[in-house]
Amino acid sequence: MLTLDSTIGELYRTPIGRDLADKLLMQAGLPQSTLTNPLVSHMKIRSASKLVPGKIEPALFDAILNLVNREPEIVSAAKGPVKPAWWKEAVFYQIYPRSFCDSNGDGIGDIPGIISRLDYLKDLGVDALWLSPVYDSPNDDNGYDIRDYRAIMAEFGTMEDFDRLLAEVHARGMRLIMDLVINHTSDEHAWFREALADPSSPRRNYYFLQPGRPDAPPNNWASFFSGSAWRYFPEEGLWGLHLFSKKQMDLNWENDDLRREVLDMIRWWLEKGVDGFRMDVVNYISKDPGLPAGDPTVAGLVGFCGVEHYIYGPRLHEFLKQIRREAFDLYGAFSVGECPGLGMNMSRMVTAEERKELDMVFSFDHLETPGHGKFDDYEYDLNYYRDHILQWIENYGTNCRLSLFFNNHDNPRMVSKVSRNKALHPYVAKLLAVLQLTLPGTPFLYQGDEMGLSNYEFTSLDQITDVEAKGFIAENRARMSEAEMLRILNAGTREHTRILLPGGGQLPPWHAGVTQQTPDPEVEESYRFLLKLRRSSKVFPYGTFELISDKKNAFVYRRSLSGKSYVIECNLAAEPRKPLYKPKKSRLVFDSQPLHTGDLGPYHAQIWEE
């Protein structure tokens, strides 16, 4: 067990210590060498705050040690061949139902609309669909606030529609995974209504409901959607925990009966034939007993108070193993967990094949460069992505599987983040496609990626309907002008990726004034070719990876398997440069800018077959 008298080096050699230290250094804008140089690594932890006065407070290490000491195991990164599985060969395509395809003209995408586009998706070359929530919901957070796990939201259709969707997906040789939201439910869920109304109900303990005065919440935890993570119910004199919106009440996974009901629901969907689940913020389901107060130093660095008490809770592994053992393994189901805050080493602890927990995780550290958040208006440096993904490729292990993605429903479009120059967006889009579909790992495309979509230009706060943005507006209206709030939201709002897709119907009234984009046929053709190339060989799902060059603005690598190999060269910047790969007998099989000769053009990518 580590103490304040242990050394920085000892702390850094633990999986949790390494990940947390790297994350905090990144947030503080400090290099890894701050902790890894010999003088510092031999220093006692209690003395480390003297290194950077005002940035690292002594209390921070108490919080880190609390997390580090709960994980005695170290899982090694395997170096052997990748064990085959269908989901390692598949390319997933995320569908956000509300904005995918509207079949009845009400401005809202729906399940019949998805069915009408299945042939398009099959022809595009995707293998599996990830369906964001379609469960019955009051829609406070666009379906991530579930009112009934065994019913379909009326706006999306009926359970019969869903059953037909599942059958049609399988008939085309594709698979379908659902979004599983089990950290919280809607406050309109029958469990919560009963828990709130009946003090003697066994479901009272399904949630975190604590008595107290209206001016004294149980702790200082913050909600990810602004304000306190506690909501007061005056008639009952109770506080309820909600890490997200005020209508998303956190479930108490310590309760055995709650877990049994959740597992029964999961098996119900698997019995229908769904192929697996993407698990929403699943690493938050275990929370420190007693819900202790968050450390202000941690809050100052990561932006939210209390996170150290639930990003890697004391029973997380136990809960994940139970879900796997009592539900997933019974049906051969696939799982990918959304795990905010987990770095590479902590992710290995929940995904290593021998652990029998999750198959994969989504980690988000690559979506912003150090010192930036998604609402910062800046240009993303793809050199950071190269360096980040190389760390994972080299150190994650073949007993784990990388998820490859740039976009999802919670972030703005990456092409707009990489360059403000719209003329370069098609080049960026094709470059990202090459990276995503040729690097080691399983790709997860987001709807519209193949169309080359970028961010929209919102001209009014009324056009931004997302609950995260609403929380930001409510919190800042008194101190910011509308123009300033709009500037910030245009940089990072989730609304960018939630606009009805081109070809999916007319925009609804709440997006009046927003100009729907036109798909780029060259980007779509590039996706079709790359998906076909990836499917034509096992090189990209299972082949070895060899770095050829990571010079500034360059990413050149070789993928090889069973005597077949490809070299991929990428220009990561807007400035042209000389190619680094010198082909001899190689054949150029893909060129993202075929009309550009000589030097590599802006964000240019080429694939050579050797």
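All figures in this text were calculated on a predicted structure; none of them were measured in a lab.
Looking at Arg413 and Asp449, a side-chain N of the basic residue comes within less than 4.0 Å of a carboxylate O on the acidic one, giving a salt bridge. One finds a salt bridge joining Arg494 and Glu468 here, because a Lys/Arg side-chain nitrogen approaches an Asp/Glu carboxylate oxygen to under 4.0 Å. Lys23 has a carboxylate O that lies under 4.0 Å from a charged side-chain N of Asp365, or vice versa, which qualifies the two as a salt bridge. Of the charged side-chain nitrogens involved, at least one lies within less than 4.0 Å of a carboxylate oxygen, so that Asp377 and Arg420 count as a salt-bridged pair. Between Asp410 and Arg498, at least one side-chain N (NZ, or NE/NH1/NH2) sits under 4.0 Å from a carboxylate O, which counts as a salt bridge. With respect to the salt-bridge test (charged N to carboxylate O, under 4.0 angstrom), the residues Asp280 and Arg278 qualify.
Between Trp268 and Tyr135, the gap from one ring centroid to the other reaches at least 6.0 Å. For Phe362 and Phe444, the ring centers are positioned less than 6.0 Å apart. The six-membered or imidazole ring of Phe540 lies near that of Tyr566, with a centre-to-centre distance under 6.0 Å. For Tyr93 and Tyr120, the ring centers are positioned 6.0 Å apart or more. Taking the ring centroids of Tyr144 and Phe244, they lie at or beyond the 6.0 Å cut-off. Residues Phe405 and Tyr446 keep their aromatic ring centres 6.0 Å or farther apart. The aromatic ring centres of Phe162 and Trp269 sit less than 6.0 Å apart.
To the nearest 0.5 angstrom, Met174 atom CE is 11.0 Å from Asp275 atom CG. Note that OG1 of Thr515 is 8.5 Å distant from CG of Leu507, once rounded to the nearest 0.5 Å. Separating the OH atom in Tyr312 from the CG atom in Leu342 is a distance of 7.5 Å, to the nearest 0.5 Å. Annotation: the span from Leu131 atom CG to Ile111 atom CD1 amounts to 6.5 Å, rounded to 0.5 Å. How far OG of Ser363 is from CD of Glu338: 10.5 Å, rounded to the nearest 0.5 Å.
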Candidate pair Tyr385 and Phe406, rule ring-ring contact (aromatic ring centres under 6.0 Å, His included), full reasoning: CA-CA 10 Å; Tyr385 176 76; Phe406 290 107; 4.8 Å; yes
With salt bridge (Lys or Arg N to Asp or Glu O under 4.0 Å) as the test, would you mind laying out the steps for Asp145 and Lys246 before giving the verdict? CA-CA 10 Å; Asp145 49 317; Lys246 293 180 184 298; over 6 Å; no
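Using modelled atom types and a 3.5 Å distance limit, the side chains of Asp140 and Ser245 yield a donor-acceptor pair. Side-chain atoms of Asn183 and Asp250 include a donor-acceptor pair closer than 3.5 Å. Using modelled atom types, one finds no donor on one side chain facing an acceptor on the other under 3.5 Å when comparing Thr185 with Tyr149. In this model, a donor atom of one side chain and an acceptor atom of the other lie less than 3.5 Å apart for His511 and Glu495. Judged by distance alone, the side chains of Ser460 and Gln463 never bring a donor and an acceptor atom under 3.5 Å apart. Residues Asp462 and Trp510 have side chains that never bring a donor and an acceptor to within less than 3.5 angstrom of each other. If you check the side chains of Asn490 and Arg487, you find no donor sitting under 3.5 Å from an acceptor.
Surrounding NZ of Lys532 are at most 12 heavy atoms belonging to other residues, nucleotides or ligands under 6.0 Å away. Around atom CD of Gln517, more than 12 heavy atoms belonging to other residues, nucleotides or ligands sit under 6.0 Å away. Atom CD of Glu475 has more than 12 neighbouring heavy atoms from other residues, nucleotides or ligands inside a 6.0 Å radius. Heavy atoms of other residues, nucleotides or ligands lying less than 6.0 angstrom from CD of Gln506 number 12 at most.
Residues Tyr557 and Asp550 have side chains not in contact (no heavy-atom distance under 4.5 Å, counting atoms from C-beta outward).
Partners of Pro541 according to the side-chain contact (heavy atoms from CB on, under 4.5 Å) rule, which considers only residues two or more places apart in sequence or in another chain, are Glu89, Arg401, Arg534. With sequence neighbours excluded, the residues forming a side-chain contact (heavy atoms from CB on, under 4.5 Å) with Asp102 are Asn104, Asp106, Asp110, Leu500, listed by chain and number.
Side chain of Arg147 to backbone of Ser186: no donor-acceptor contact under 3.5 angstrom is found. Proximity of a side-chain donor or acceptor of Lys88 to a complementary backbone N or O of Lys83 within less than 3.5 Å is detected.
Residue Ile393 comes nearest to Pro440 through the heavy atom pair CD1-CD, 3.7 Å, listed as atom of the first residue, atom of the second, then distance.
Residue pairs that meet the salt bridge (Lys or Arg N to Asp or Glu O under 4.0 Å) test with at least one member in residues 118-132, sequence neighbours left out, are Asp119-Arg172, Asp123-Arg528, Asp127-Arg535.
Ring geometry, Phe92 versus Trp86: the interplanar angle falls from 30° to 60°, so the pair is classed tilted.
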